[in-house]
2 protein chains.
Amino acid sequence: MSDATNTKDRLLDTAEQLFAQTGIEATSLRTITAEAGANLAAIHYHFGSKETLIQEVFARRVEPVNQERLRQLDELEAAAYPNAPSLKKIIEAFIYPVLLMNKVSDGDCRPFMRLLGRVYSESENIQKLLFSQFKETATRFLAAIQKALPHLPKIEASWRFKFMVGAMAMTVVSHAGFEEQLGSENEMQDMEAIIEKLMAFLIGGMQAPLYQKSEGSTKL
Amino acid sequence: MSDATNTKDRLLDTAEQLFAQTGIEATSLRTITAEAGANLAAIHYHFGSKETLIQEVFARRVEPVNQERLRQLDELEAAAYPNAPSLKKIIEAFIYPVLLMNKVSDGDCRPFMRLLGRVYSESENIQKLLFSQFKETATRFLAAIQKALPHLPKIEASWRFKFMVGAMAMTVVSHAGFEEQLGSENEMQDMEAIIEKLMAFLIGGMQAPLYQKSEGSTKL
DNA sequence: AAGTGTTTGAAACGAATGTTTGAATCGTAC
DNA sequence: GTACGATTCAAACATTCGTTTCAAACACTT
């Protein structure tokens with residue numbers, strides 16, 4: 001199934017794919033090793049435990065993305081200095097590295113993108129690992145956004161950043177496997193076109209004026 | 001733990017809570033029945049299988065929310081007739097019934113809101129059940145949004161609706177358990193204040209002009 | 001060719017899972 | 001009070017899980 005030469009990489013590729021298809025807890029080591037053409041004991045030989053395998057599956061993908069995000073943000077801030085980069089470019093630097101992951105050379109990342117959609121559900125350890133990797137990125141980008149929107153209260157910017165992450169996550173999941181459910185009239189569009197729609201939505205949301213509730217809105 | 005009088009409701013309440021805490025697949029029937037003060041066999045007596053229990057846990061909460069959404073949308077369209085309701089009110093009718101669920105009388109819904117965050121990960125059957133319940137709501141609201149934004153291409157509106165669902169889901173998850181990870185300076189705010197921030201973001205995103213990519217944007 | 005450290009192989013272990021069974025208990029109508 | 005359906009109970013069932021074990025096969029240096 002996987003074309004990797006050594007057993008360890010084949011196990012990582014296969015585990016990533018099966019985790020995305022079936023779920024992490026629901027995927028047994030026997031299924032992984034069978035699909036990868038390896039022996040059951042190979043996982044414990046190469047990784048020590050299932051838990052470590054899971055962590056390595058995630059770390060392998062998440063690290064490069066966040067590094068690329070921070071690299072682009074550095075570049076933007078250097079180019080704009082002493083001014084702040086524009087909101088548009090900040091958001092681009094945050095969004096593009098994730099959603100264009102499948103363009104990088106090292107294998108097909110789409111299984112992992114589906115897997116990311118599952119991440120909020122499974123074991124606490126995975127969440128902690130992901131958030132620890134994400135924390136620096138989140139801090140840096142939130143600060144940049146707050147500088148780009150100086151009129152917006154900081155607490156408001158903080159929440160809008162969360163909403164942005166949510167919309168982005170939904171895009172990942174959506175493009176990976178949910179085409180058919182929320183109206184399938186959308187043909188398989190290339191990711192570039194989807195990113196442009198997402199960018200418009202995010203910029204509009206980030207720059208939106210504060211909200212005033214409708215006067216006659218119905219309460220539950 | 002649960003104050004329900006009969007065993008069946010106690011099992012539903014306890015299962016919901018444990019599913020949200022630990023995950024669906026990871027929660028064993030023995031844990032549920034022990035926590036609920038019931039016998040292990042009670043689940044198979046009342047529900048027939050774990051799968052059916054899961055479905056009933058979801059159906060019990062999802063149905064009323066979507067019904068309330070559609071009721072509010074009906075009300076809006078009737079009041080605005082022959083014109084279309086405003087975008088603002090449509091989004092309010094979509095958002096408020098979910099995020100104000102815990103105000104309804106029948107028990108504490110917060111465990112279920114955390115559970116919703118897990119739903120993209122677990123068994124295919126749950127997804128199908130949820131999407132079948134959600135399909136009518138999604139169709140109706142998407143149509144209303146497209147009428148309220150006649151200048152926006154339909155494909156664009158369809159994607160923005162997905163982004164909206166994503167941002168809303170992130171809010172549910174975020175408020176339920178992720179306060180500490182994405183910057184914990186936000187004190188436990190009441191849901192009403194969060195909804196107002198979300199509404200501003202969503203309306204801004206929905207009404208945003210089409211996007212033009214930055215000329216010098218960095219490619220990966 | 002022998003020896004050594006690395007990797008793979010088949011088999012078993014103990015624990016946990018969903019499910020089934022059949023008897024005991026409860027509530028209620030006659 | 002007795003009979004009967006609904007519910008609960010303790011115990012066992014067959015599977016599956018992650019993990020361990022130890023010998024066989026391999027790669028590579030001397």
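The sequence lines fix the lettering, A, B, ..., with proteins before strands; numbering per chain opens at 1. Note: hydrogens, waters and symmetry copies are ignored here, and every other heavy atom, side chains too, is used.
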Peer 1: Which heavy atom of R160(A) sits nearest a heavy atom of F201(B), and at what distance?
Peer 2: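 Minimum heavy-atom separation between R160(A) and F201(B): O-CE1, 3.7 Å.
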
Peer 1: Any chance you could list the contact pattern along nucleotides 16-22 of chain D? Use B for base contacts, S for sugar-phosphate-only contacts and - for none, protein heavy atoms under 4.0 Å, 5' to 3'.
Peer 2: -BBBBB-

Peer 1: For the atom pair CG (L87(B)) and CD (E92(B)), what is the distance rounded to the nearest 0.5 Å?
Peer 2: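 Reported to 0.5 Å precision, the distance equals 10.0 Å.
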
Peer 1: Could you go through nucleotides 23-28 of chain C and list every protein N or O atom that sits under 3.5 Å from one of its N or O atoms, giving the distance for each pair?
Peer 2:
none

Peer 1: What is the distance from CG of N6(A) to P of dT6(C), rounded to the nearest Å?
Peer 2: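 To the nearest whole Å, that distance equals 16 Å.
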
Peer 1: Any ion pair linking D13(B) and K8(B) (charged N to carboxylate O, less than 4.0 Å)?
Peer 2: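 The answer is no: the pair does not qualify as a salt bridge.
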
Peer 1: Start with the C-alpha distance between E75(B) and R71(B), add both sets of side-chain angles, then the distance that settles salt bridge (Lys or Arg N to Asp or Glu O under 4.0 Å), and finish with yes or no.
Peer 2: CA-CA 6 Å; E75(B) 200 176 295; R71(B) 190 195 66 73; 2.8 Å; yes

Peer 1: Give me the atom names and distance for the closest heavy-atom approach of I43(A) to S49(A).
Peer 2: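 Minimum heavy-atom contact is CG2-O, 4.4 Å.
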
Peer 1: Over how many whole Å does the gap from L18(B) atom CG to dT17(C) atom P extend?
Peer 2: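 So the CG-P distance, L18(B) to dT17(C), works out to 12 Å.
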
Peer 1: Which value, rounded to the nearest 0.5 Å, describes the distance between I24(B) atom CD1 and E51(B) atom CD?
Peer 2: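 If I round to the nearest 0.5 Å, the distance is 9.0 Å.
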
Peer 1: Measure the distance from CG on N39(B) to P on dA12(D) and round it to the nearest whole Å.
Peer 2: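 N39(B) atom CG is separated from dA12(D) atom P by 14 Å.
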
Peer 1: What's the verdict on salt bridge (Lys or Arg N to Asp or Glu O under 4.0 Å) for E77(B) and R140(B), showing C-alpha distance, side-chain angles and the deciding distance?
Peer 2: CA-CA 11 Å; E77(B) 289 179 336; R140(B) 285 282 313 277; 3.1 Å; yes

Peer 1: In sequence, state the C-alpha distance, the side-chain angles, and the governing distance for R69(A) and D74(A), and then conclude on salt bridge (Lys or Arg N to Asp or Glu O under 4.0 Å).
Peer 2: CA-CA 9 Å; R69(A) 278 169 162 165; D74(A) 286 338; over 6 Å; no

Peer 1: Nearest whole Å is fine: how far is dC9(D) P from Y45(B) OH?
Peer 2: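 So the two atoms are 13 Å apart, to the nearest Å.
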
Peer 1: Looking at H46(B), does any N or O in its side chain come under 4.0 Å of the phosphate oxygens OP1/OP2 on dT8(D)?
Peer 2: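 True: H46(B) side-chain N/O within range (under 4.0 Å) of dT8(D) OP1/OP2.
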
